[in-house]
2 protein chains.
Amino acid sequence: MLPKTTPAALTLDDVAQRAGVSPMTVSNVINGKQGVRDATRQRVLDAIAETGYRVNPMARTLAGGRNRIIGVLTPQMNQPYASEVVQGAVGAAQRLDYALIVMMSGSADFSVMTQLSAGVLLIQPPSEGHPLRTHLPPHVVSVDGPSEYPCMVDNYGGACLAIQHLLGLGHTRIGFISGLQAEPSVIAEAGAAQSGQRNDAHERFRGYRESLASAGLQLLPEYVQHGDFTKESGAATAQRLLQLPHPPTALFVSGDAMALGAIHMAQDLGLHVPKDLSVVGFDDLPLAAAARPALTTVRQPLQQMGAVGIELLVALAEHRPVALPAPFPTTLIHRESTASPV
Amino acid sequence: MLPKTTPAALTLDDVAQRAGVSPMTVSNVINGKQGVRDATRQRVLDAIAETGYRVNPMARTLAGGRNRIIGVLTPQMNQPYASEVVQGAVGAAQRLDYALIVMMSGSADFSVMTQLSAGVLLIQPPSEGHPLRTHLPPHVVSVDGPSEYPCMVDNYGGACLAIQHLLGLGHTRIGFISGLQAEPSVIAEAGAAQSGQRNDAHERFRGYRESLASAGLQLLPEYVQHGDFTKESGAATAQRLLQLPHPPTALFVSGDAMALGAIHMAQDLGLHVPKDLSVVGFDDLPLAAAARPALTTVRQPLQQMGAVGIELLVALAEHRPVALPAPFPTTLIHRESTASPV
DNA sequence: TTGAAAGCGGTACCAG
DNA sequence: CTGGTACCGCTTTCAA
């Protein structure tokens, strides 16, 4: 059982008294300031160790010091994508000796996090009307979304990887289940994508389209569907695709959960995966490896992206120069859900 | 694209000036204190609305006020169990107008969270040697672990539900894959469990043992295995069970991930689930419903447990009386992984 | 009903 | 090298 009483909060003065110096000196020691005699420093350090003193981050922040807290804002805790990114962020924060606090987008006011932390990492930042726009944190970097310093995966390259894998297997009828997108139709917007207005959906579609083209294949509009990244939408869109008079023999699905939904739907329709239908996902979430058949998918280095995000944030907080992060490379993970067509 | 500049932090004084009152009055209005003339209050409210002012939680805490932040300490972000609890906690916090921040056990010093929040919710608190023991927060309640106010599920009842379901289906050879436990052997400790030293593993085993007994069935020691809640351990222990000369026809598995591992192992061994082997899990994580075959499992109301935890914490923080939470009831969710033996 | 003063636990700045 | 002083943004206490 845990003890019940909060140990009366220690202050700088307590430590100072114990060490026989002024509070200021203790502060200086803690912050590694130059010009403290070694003997003094040691005495202070000892006092800190003996008392178990910890600086109060609130007071520290208020007084204008750095607080070594960085925040992560994530849409939902139980979204595997975000979990992976956070996992990477945790590791990096630990390495850099920063505390990491995470908040869900919904939970309370974002301004709290702004005021609590020296910088915040946005995971899939909400688009336009979000309150985020009013109370902005000191530093923002984002994973998979817009910000000053976006950490994005190479969506185009990833899509190419997927399609080329399928092409290499001998598939010629390849469907595409895209993720949600602001624009009414990916196809209609194909042109716009060229003009700089890039997002995940656009880029992946561009990879699909161009890979098909360079293999001399025609893009069939009815082979392109839109889901919303849920398993259910994967199943629903797959059903539409598979009930086409001339159904695809392979599917590139813009998300692992949707891909799983597609596979289950195919099975319900009496198809064998991968014998009758090959499916490639996107993300490589833990569930991709755990599924049966295990999912062939395009891997995003999500943990790495989270880690890099934190590193940027810390650099920013410490006023070190930072470069714009380059797109992160994808990898094709070949598992059991793809094979040559019969 | 998001704006780049942090809006110069507004203070109480800014608002006060705008409203033509003293900072104190603004503070009083914000905190709903009595004795502010309605006209004055309105002017202040307007000023707040116009400026978009938000109290600084750091300053508020430092000054001794309540800070309406509560923290959650979770082992890992990507553990579905914890995600569910947090999801519930988020909802409750939102309802109660508290900000919720979550930290991973590993990430930085726990004392930070202590100092940041008015109370903390521990999810599966680490056992003995943890640093938690030294710097304790003002208030602690825990989900699935020891604390002054533990929110625990009725593990015994849940196990009974599972076994009775299997019994009802006609199974008589029922294996049990238990979770990790401190003691060397669940069976050896069966007696100890009676004497008050309860934990999840004990309680579930007790449910297994007693349900078997009351059906007149004998408990076979070789039918009881221990996993560590991972899919892999589920597969490994299931393999041992299924390769017994007289293998069980049904498995009660103390965790959904392990249950899935067991199912996949059975399939690899050429068994059909549920025709040749029935499997019941525990938890009812999202993956249970998503799996093929969908997993029959004992549902823990994890989100509810998280929500209740937050409610307790808030009550504690606001010095309202709280009662010890009663064990949460379980439900059997019958899906596709169980059937009568052939 | 309102406001002035003190102080929460630190850090910045500058004096000793 | 060390420490005094002011002040961060807010709430408490108490006087006006």
Side-chain angles (χ1 to χ4, degrees), chain A residues 6-44 47-48 51-69 111-112 114-116 118 135 138 317-319, chain B residues 6-44 47-48 51 53-69 111-112 114-116 118 135 138 317-318:
Chain A
T6 306
L10 289 169
T11 77
L12 219 44
D13 300 76
D14 295 325
V15 179
Q17 242 179 298
R18 206 165 197 304
V21 298
S22 82
M24 264 325 304
T25 302
V26 178
S27 175
N28 286 334
V29 169
I30 289 176
N31 297 350
K33 294 272 200 282
Q34 301 299 328
V36 178
R37 199 187 313 156
D38 269 4
T40 313
R41 173 186 310 282
Q42 197 50 53
R43 249 184 321 139
V44 172
I48 293 178
T51 56
Y53 167 78
R54 334 243 68 192
V55 299
N56 180 330
M58 321 281 272
R60 203 217 268 284
T61 307
L62 202 53
R66 298 270 133 329
N67 72 0
R68 302 196 79 86
I69 296 179
S111 65
V112 171
T114 292
Q115 305 179 84
L116 248 39
H135 301 288
E318 296 176 354
H319 304 106
Chain B
T6 305
L10 289 169
T11 76
L12 220 44
D13 300 76
D14 296 323
V15 179
Q17 243 179 298
R18 206 164 197 304
V21 298
S22 82
M24 261 328 304
T25 302
V26 177
S27 174
N28 285 335
V29 169
I30 289 176
N31 297 348
K33 293 273 199 281
Q34 301 299 329
V36 179
R37 201 185 314 157
D38 270 2
T40 314
R41 174 188 308 283
Q42 197 49 55
R43 252 186 315 142
V44 172
I48 292 178
T51 56
Y53 167 80
R54 333 243 69 191
V55 297
N56 181 330
M58 320 283 271
R60 204 218 267 285
T61 307
L62 202 54
R66 298 270 133 333
N67 71 1
R68 302 194 90 55
I69 296 178
S111 64
V112 171
T114 291
Q115 304 180 81
L116 247 40
H135 301 289
E318 295 175 355

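Throughout, protein chains are lettered first and strands after them, A, B, ... in sequence-line order, and every chain is numbered starting at 1. This is a predicted model, so every value here is computed, not measured.
The side-chain heavy atoms of B:Met58 and A:Leu116, taken from C-beta on, include a pair separated by under 4.5 Å. With contacts defined as side-chain heavy-atom distances shorter than 4.5 Å, the pair B:Arg37/B:Gln42 does not qualify.
Of the residues near DNA chain C, B:Pro23 and B:Ala59, the one whose nearest nucleotide (by heavy atom distance) lies more toward the 5' end is B:Pro23.
Counting non-hydrogen atoms under 4.0 angstrom, A:Asn31 reaches the backbone sugars and phosphates but no base. As judged by a 4.0 angstrom heavy-atom cut-off over every strand, A:Thr40 is placed among residues touching the sugar-phosphate backbone only.
The side chain of A:Lys33 places no N or O atom within less than 4.0 Å of a non-bridging phosphate oxygen (OP1 or OP2) of C:dT11. Between B:Asn28 and C:dT2 there is no side-chain N or O to OP1 or OP2 distance below 4.0 Å. One finds a side-chain N or O of A:Arg60 lying less than 4.0 angstrom from the OP1 or OP2 phosphate oxygen of C:dT11. In this model, the phosphate group of D:dT12 is not approached by any side-chain N or O of B:Ser27 to a distance below 4.0 Å at OP1 or OP2. For C:dT2, the OP1/OP2 oxygens have no side-chain nitrogen or oxygen of B:Thr25 closer than 4.0 Å.
Side-chain proximity of A:Asn56 to the nucleotides C:dG10, D:dT11, D:dT2 is greatest for C:dG10. The side chain of A:Val21 has D:dG3 as its nearest neighbour among D:dG3, C:dT11, D:dG9. Across D:dT2, C:dG10, D:dC10, the shortest atom-to-atom separation from the side chain of A:Val36 is found for D:dT2. Each of D:dC8, D:dC10, C:dG3 was ranked by its minimum atom distance to the side chain of B:Ser22; first place goes to C:dG3. When each of D:dC10, C:dG9, C:dA5 is scored by its nearest atom to the side-chain atoms of B:Met24, the top-ranked nucleotide is C:dA5.
Rounded to whole Å, atom P of D:dT12 lies 12 Å from atom CG of B:Leu62. The separation between B:Asp14 atom CG and D:dG9 atom C1' is 11 Å, rounded to whole Å. In this structure, A:Met58 atom CE and C:dC8 atom P are separated by 16 Å, rounded to whole Å. The interatomic distance linking B:Asn67 (CG) with D:dC10 (C1') rounds to 12 Å, in whole Å. Summarising the geometry, the separation between CG on A:Leu10 and P on C:dC8 is reported as 15 Å, rounded to the nearest angstrom. Atom pair A:Gln115:CD and D:dC8:C1' shows a separation of 13 Å (rounding to whole Å applied). Between B:Asp13 atom CG and D:dC10 atom C1' the separation is 9 Å, expressed in whole Å. Distance, A:Leu12 CG to D:dC8 P: 19 Å, rounded to whole Å.
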So A:Ile30 and A:Ile48, side-chain contact (heavy atoms from CB on, under 4.5 Å) or not? Walk me through it.
CA-CA 9 Å; A:Ile30 289 176; A:Ile48 293 178; 3.8 Å; yes
Working for side-chain contact (heavy atoms from CB on, under 4.5 Å), residues B:Leu62 and A:Asn56
CA-CA 9 Å; B:Leu62 202 54; A:Asn56 180 330; 4.2 Å; yes
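If you run side-chain contact (heavy atoms from CB on, under 4.5 Å) between B:Asn28 and each of B:Gln34, B:Lys33, B:Arg41, only B:Lys33 comes through. Shown are B:Asp14, B:Val44, B:Leu12; of these, the side-chain contact (heavy atoms from CB on, under 4.5 Å) with B:Tyr53 is made only by B:Leu12.
For DNA chain C, the stems formed by at least three consecutive Watson-Crick or G-U pairs, with both atom-pair distances below 3.5 Å, span C:1-14 with D:3-16.
In terms of heavy-atom proximity, B:Pro57 sits nearest to B:Asn67 at O-CB, 4.2 Å. In plain terms, the two heavy atoms of B:Asn31 and B:Arg60 that are nearest each other are OD1-NH1, 3.2 Å.
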